Each structure stands twice: as C-alpha cells, then as structure tokens.
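For clarity, every value in this text was computed on a predicted model and none was experimentally measured. Just the heavy atoms: all of them, side chains too, but no hydrogens, waters or symmetry mates, feed the values below.
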Amino acid sequence: MEAGTLLRPIPLNPPPLHCPPLRRRFHFFRLLVRASSNLQEGYRGPKPKRQLVADWVSKNDDAVRSLPIYVGGVSLLAVLFNRTVAGIALVADASRQVICPSINREISYVYYKCGAYVEVNSRADLLTLGLAVTNILAGLVWLSIRPKSISAVRPQGVECQRICSDLPEYVVSEVLWVWQTLSEVTCCRSLVIVYNSRFVLQIGFAAASSSNESEAVVVDPNKLMQGSLYRSVIKSGSQSYLANLSLYPGKSELPFLPSNTQAVILQPLGDKGIAIIGGDTIRGFPTSDQAWITLVGEKLDATLTKLVNNLPLALQGRA
Amino acid sequence: MSSSLAFHSLIPLKSPFKSFASTLLPIIIPKSHTTRRKSSRISCTNSQETPNQEQLNLSVLRFTLGIPGLDESYLPRWIGYAFGSLLLLNHFVGSSSATISPAQLRTEALGLSLAAFSVVLPFLGKFLKGATPVNQKVIPEGAEQIFIMSQDISDSIKQDLAWGTFILLRNTNTISVLISVQGALCVRGYWNTPEDLSKIQALDWFEKQSQQIGLSNLKYTLYFPQSTDSELWQMLPKGTRSVLVQPVLQASGQRTNGEEGTIGFLLLASSISYSFSTKDRAWIGAIANKYRGKRI
C-alpha cells in the first residue's frame, strides 16, 4: 500500500541552451576547419549572423513601445509649426469671398494661385498628419499589448523526490526527463504522477507533513482517485488548467501540493492515470505550454501502459 | 554503420500508440496560434518587472477592423506605402515645379521619413515581447511529404523517434524535421529529395548530406532566423526561411574521456522567418535531451 521510496540522483543539468558569443564560436569553427581535412570532422555550414535589430528591440522593449508615439507627436507638432512659420493659415479657409466684382477677377486669380499653393501644401500636410496619427495609434496598440509581468511565488514546503521502487529503468528515466523538462522550461515546481491506482512519482516541492516538518505529505492514490477533480478530468479526457488555484474549492483534494501553489495543470494519462503539475505563477502556463504538456502526457501514458502490460498479473492487483 | 534501410509506410508497433507512426502527418496549424479578441478587459500593467516570469496577457483592448484574415499589425506598413506614394504624386503632379515652396518641401521630407518609419514599424513590432506570430505555415510547392526511419533499431527507439518528430511538427512552426542520434535517422515532413530515389537509398542520401555539412559535430545550437543562401542546405525544401539545429549531447554518465560529446542532432526547418521563439527553443532543447541517454 505504501509506496516505496528510492533515492536516485537527479541527473546533472544539461549544458545551457543559449548560443555563445559569435566571435568565440567563429574562432572555434575556424580552428576546426583549418585543422581537419577529413570529411567527418568540423562543421562546414553557414554560421548564423548576429541579429542586431532583434537584440536591440528585445533589450529596450519599453522604449521601443513608446517610440512611435513620440515620433508621431513630434511630427504632428512639426507640421503645425511649419504651417505657422510659412505664414499659411492653420486651417485652410475656403470661405474667403471677394465682394467687389470688378477687381474680382484679378484678385481671384491671385487667390487662385495662392489657393493652389495652399492646396498643395495642405494636401502634403494632411498626408503627413495622417502618417503621424497612424504612428501614434500603432504606439498605443503596442503599449496596450505589453505583457503583464507577474512575479513567481516561492512554494512553501519541502523538496522531495519519491519514485515508486519497482519501476524499470526506462520508465524511471522517462519520468525524470519529464520532470527535468517541466521544471526547466515552464514554471512547474511540483509534479505528481499516479497511474493505474498506484503511486508513481512525487518530485519537486511538496507540502510538509504535520507530523514531521522535514518530510513531505504522502500521496494517497485511492483518495485522489475518489475525488471530484480526478473523476472529472478522466471523464472529459482532456487537460484541465486551474490558472489560479486559490479560487478553486477542489484545492483540498490536493493536500500534497504546497499550500501556495499558484497554478495547476491536471493532465490525464489515458484513462488510467493523472499527472498533477503545480506552478509558482498565476496563469503561469501559456497556451503553448499546455499544448506541449498534453503531448508529453500522451507519451507518458504510452510508456506506462507498456509497463502495465508487461507486469505480471499478481503485481497489478496490488493497491 | 547503417546497414540496410527501408522505407516503412506504417511501422508496426506493439504499443497502442499507432498515431505517432502514421505515414503522412497532415501539417496542422499548431494550436498555439492565439486567437485575437475584439475587446476584453483593459489590463493595467504591474510596475514590478521580473523578466523571467512574464506572462502573455491576451485579454487586452485591441484595435481591430474585424475583418477575418486581415492582419492589423501590417496596417502601418500599407498606410506608409500608400501615403508615401500619394506624397510623391502630390509633389510631381499636383503642383508645377515653379511654385514649390520650401515649406512644402519640408513637409514632404517629413512625410516621406514618417512613411519610411511606418513601413519599418511592423518589423520592429515582431521582436517585442508578446507579439503573436502573424503568418501561418506555408506548405512549400513541389516538395513531398515523407516519413522514413532507420530499420535496425529497437522498437522503443522507433517509438521515441516517431513521437519526437510528431510533437515537433505539431507544436512548432516546423515543416521538416530530421533527428539523427547515434546513427539512427528519422526524417519527417517536407524535404527536397532528388527525384526517383529508391526508398532504400533515401536515408543514405540524408546521411551523406548531413555529413557533408558536418552537422553531427556541433556543440551549440544554431539558429538561422532568416533564410541562408548556402548551397549546402540542398535537402531543405524551397521556401525555407528559418532553420534550427539542436545538438544532442552525450549524457554525463556515458562520457568515457571526460569531454562532452555530440551524439546526434535535431534539424528543424520552417517556412516562416523568426519562427522559433525562445520558448520554442527551450522546448526543442528539452526534446533533444530525451535522446541523450539512449543506447541504440
């Protein structure tokens, strides 16, 4: 009944995913190309160019967002200033009338010339004003889609790593890979996997048990499976995302998660199991992460099904 | 190293997971292409900024014309082109050259520079945080969809490779993917293979191509967000814009001489430029880690 624990070392962190500075890498490749003539060694392909604009925009995100507004505002003022300096009326006045008919022709000719000149200038001004307004609006749109930055909340609890003891090597490496991926790429801080009424994995942060402050609360698979959260997830067959766990009354069914877990994803593994992923940020799992987790869950289901099919029947009945 | 290789349309797997191994994966638009809403709650931004924990907040007020299929982030560009050409028209046709005043010249200069700035604006906007990718994946013409895998490997590795290629095609903007780990090869998607290549020779051809470029010697991830003109990338279909090469490094427990060795690589190509965001690349690196400890 009680899940055995097995201490396994967490594998070393993989090397960082970022690309090193271009100069160093270019030097490195140069050495390779010079030193080897064998087709097997050295990379001979193209090297990626430095993305100056992309880097600059990413670094100065706020400034770039308000840049169009400043540009548009300044050019708006410049256009108006230009009109006043040039002596043209700020508003093209079409209602000027010449009253005396006798000199009407000459004056109207003069007005015609000035009017045409005013017209051309006004057209140019209007177009420039239109462009300035477009820029201001674009800047406003950029400001409005600025992502809200939410800070992570450190989970309250103890770190633990419990894996069911009689799992074969390939299952253990698979679940550890899932944990490593989720903890590095998403905001996941706790992971619990229950499959086929058996406890499989509890890793990451967990609530401290009341009896012993340094031990984590034990996951009870049967109690979990009788709860409404599990049953609704299995019935729907699709992932359930609780973006802000404190708003859900079903929180009481997950006592093993740290009490201040912010977001939870309940991923059903086929129709026999569930993976509970706890995160440290409210709405911390964007849509893309949810899609990835769904597919990772399917793979996990395939692996665990294979395990279940290969187990002798005696072990399967054990709760 | 690689002996007889054969084309398999359906890999018989004992597990119930046949969906990963089906031949032609229809290139599905990934679900992560966010839908845009007309108007929702207005969001207030938080004053504190922790760059690592940013969250895409999709419920914002957006200016949109509501025409489906029309993307408004390119509107400044079209307006820039239109108004700029109108300005030029106005300059040359609307007035005789004798009466052009300096004020008008100033205005037109200002207007043209504003038009140029508006044209560049969507390009800058693409790099802002929270920008959604605009274009859909474009299927290249003339390239065929293929799915081939080495045969002399165990079933579980085959399943892993099939799943890996499936998930990469499904969840990112990739249209072609190649995974090579310790000599085992899996190719899926649209590729520019030579005509009439016998199915047995196809994998040999891919292996030769990748060895020519030397892809298995990389130690770091290579990301080409815009199209490269190198003739070494012959096997990629036409219309490829971004390419990502992710090496698979040896697991720490298997190192014999204390150095980090590369045991394989993942090659992904897409028809959109700047298609792999930072998050995408993190996930791709995680998928590559899956093949680290495998013994083929």
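- Between B/S118 and A/N135 there is a side-chain heavy-atom pair separated by less than 4.5 Å.
- The two residues A/N82 and B/A103 come nearest to each other via the heavy atoms ND2-O, 3.0 Å.
- Heavy-atom pairs under 4.5 Å with chain A peak, among B/T107, B/I284, B/L112, at B/T107.
- Expressed to the nearest 0.5 Å, how far OG1 of A/T134 lies from CD1 of B/I79 amounts to 4.0 Å.
- Residues B/W163 and A/L295 come closest through the heavy atom pair NE1-O, 3.4 Å.
- Distance CZ/A/R123 to CG/B/L89: 9.0 Å, rounded to 0.5 Å.
- Across A/A138 and B/L121, no two heavy atoms sit closer than the pair CB-CD2, 3.6 Å.
- Atom CD1 of A/I293 is separated from atom CH2 of B/W283 by 5.5 Å, given to the nearest 0.5 angstrom.
- One distance of note links CG of A/L127 with CG of B/L114; it measures 11.0 Å at 0.5 Å rounding.
- Across all their heavy atoms, B/K279 and A/V185 have their closest contact at CE-O, 3.4 Å.
- Atom CG in B/L128 sits 7.0 Å away from atom CD1 in A/I145 (nearest 0.5 Å).
- The choice from A/V178, A/T186, A/V53 that makes the most heavy-atom pairs within less than 4.5 Å of chain B is A/V53.
- Residue with the most contacts toward chain A among B/V245, B/L110, B/D280: B/L110 (heavy-atom pairs, distance under 4.5 Å).
- For the pair B/I167/A/K299, no side-chain contact is recorded, criterion being any heavy-atom separation below 4.5 Å from C-beta on.
- The shortest heavy-atom contact between A/N121 and B/S101 is ND2-OG, 4.5 Å.
- Using a 4.5 Å cut-off between heavy atoms, A/W292 touches chain B through backbone and side chain atoms alike.
- Comparing A/L126, A/V71, A/V79 by heavy-atom pairs within less than 4.5 Å of chain B, the highest count is held by A/V71.
- Residue contact with chain B, scored on non-hydrogen atoms closer than 4.5 Å, involves the backbone and the side chain of A/V296 alike.
- Separation of atoms CZ (B/F117) and CG (A/L67) is listed at 4.0 Å; rounding is to 0.5 Å.
- In this structure, the portions of A/S58 lying under 4.5 Å from any heavy atom of chain B include both its backbone and its side chain.
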### Task
Kindly indicate, with the supporting measurements, whether the criterion side-chain contact (heavy atoms from CB on, under 4.5 Å) is fulfilled by B/D160 and A/Y170.
CA-CA 12 Å; B/D160 272 348; A/Y170 68 94; over 6 Å; no

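- With respect to chain A, the highest number of heavy-atom pairs below 4.5 Å among B/N90, B/T278, B/L124 belongs to B/N90.
- Both the backbone and the side chain of B/I287 come within contact range of chain A, judged by heavy atoms closer than 4.5 Å.
- Of the listed residues B/P102, B/G80, B/P225, the one with more heavy-atom pairs under 4.5 angstrom with chain A than any other is B/P225.
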